[in-house]
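Shown next, in structure tokens, is the structure this report addresses.
Quick caveat, the model's predicted, so the values are computed rather than measured.
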Amino acid sequence: MLQSLISLDDHEINLVTDAVQQWCSENKLDIDSVEGRRAITIAVDLVQTNTAPEQLLAELSQQMNQR
């Protein structure tokens with residue numbers, strides 16, 4: 001899980017962790033749960049594909065609901 005964050009800079013890591021923490025909080029899930037880890041992976045992918053920061057949480061939520 002943390003290996004996927006290595007390729008990101010500090011700003012991108014903050015974007016990922018903020019979005020995932022908010023998503024987990026809204027869904028009453030622990031970030032260390034299976035779903036939390038999956039959210040981290042998806043958020044990293046979104047940041048790497050240049051998803052706009054203001055769209056990150058919405059896109060993360062959408063993708064988490066699809067799977």
Side-chain angles (χ1 to χ4, degrees):
M1 172 175 66
L2 294 178
Q3 291 174 339
S4 60
L5 294 173
I6 291 173
S7 63
L8 304 178
D9 66 30
D10 289 345
H11 176 71
E12 292 169 328
I13 291 170
N14 287 334
L15 289 173
V16 167
T17 55
D18 289 349
V20 173
Q21 286 174 340
Q22 187 171 348
W23 183 85
C24 285
S25 177
E26 290 174 0
N27 290 279
K28 297 177 179 41
L29 294 167
D30 188 76
I31 199 165
D32 289 324
S33 67
V34 171
E35 290 296 298
R37 290 185 206 139
R38 193 164 64 97
I40 291 171
T41 301
I42 291 171
V44 168
D45 289 343
L46 290 170
V47 167
Q48 288 177 332
T49 59
N50 298 316
T51 298
E54 62 274 4
Q55 295 293 346
L56 186 58
L57 180 60
E59 186 65 31
L60 173 62
S61 296
Q62 180 181 3
Q63 289 198 22
M64 289 297 292
N65 289 333
Q66 291 176 356
R67 296 180 183 183

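Rounded to the nearest 0.5 angstrom, Q62 CD and I42 CD1 are separated by 11.0 Å. Rounding to the nearest 0.5 Å gives a distance of 14.0 Å between CD of Q55 and CG of N50. Taking CG of N14 as the start and CD of Q21 as the end, the distance is 9.5 Å to the nearest 0.5 Å. Residue R38 holds its CZ atom at 9.5 Å from CD of Q63, rounded to the nearest 0.5 Å. Atom OG of S7 and atom CD1 of I13 lie 8.5 Å apart (nearest 0.5 Å).
Contact between A19 and L60 at its shortest, heavy atoms only, is O-CD2, 3.9 Å. Residues M64 and A39 come closest through the heavy atom pair SD-CA, 3.7 Å. Closest approach of G36 to C24, counting heavy atoms only: CA-SG, 3.9 Å. Residue I40 comes nearest to V16 through the heavy atom pair O-CG1, 4.3 Å, listed as atom of the first residue, atom of the second, then distance. P53 and L15 make their closest contact through CB-CD2, 3.8 Å (heavy atoms, listed as atom of the first residue, atom of the second, distance).
Side chain of S61 to backbone of L57: a donor-acceptor contact under 3.5 angstrom is found. E26 places no side-chain N or O within 3.5 Å of a backbone atom of W23 that could act as its donor or acceptor partner.
Counted within 6.0 Å of CG on D10, heavy atoms from surrounding residues, nucleotides or ligands total 12 or fewer; the atom is thus considered open.
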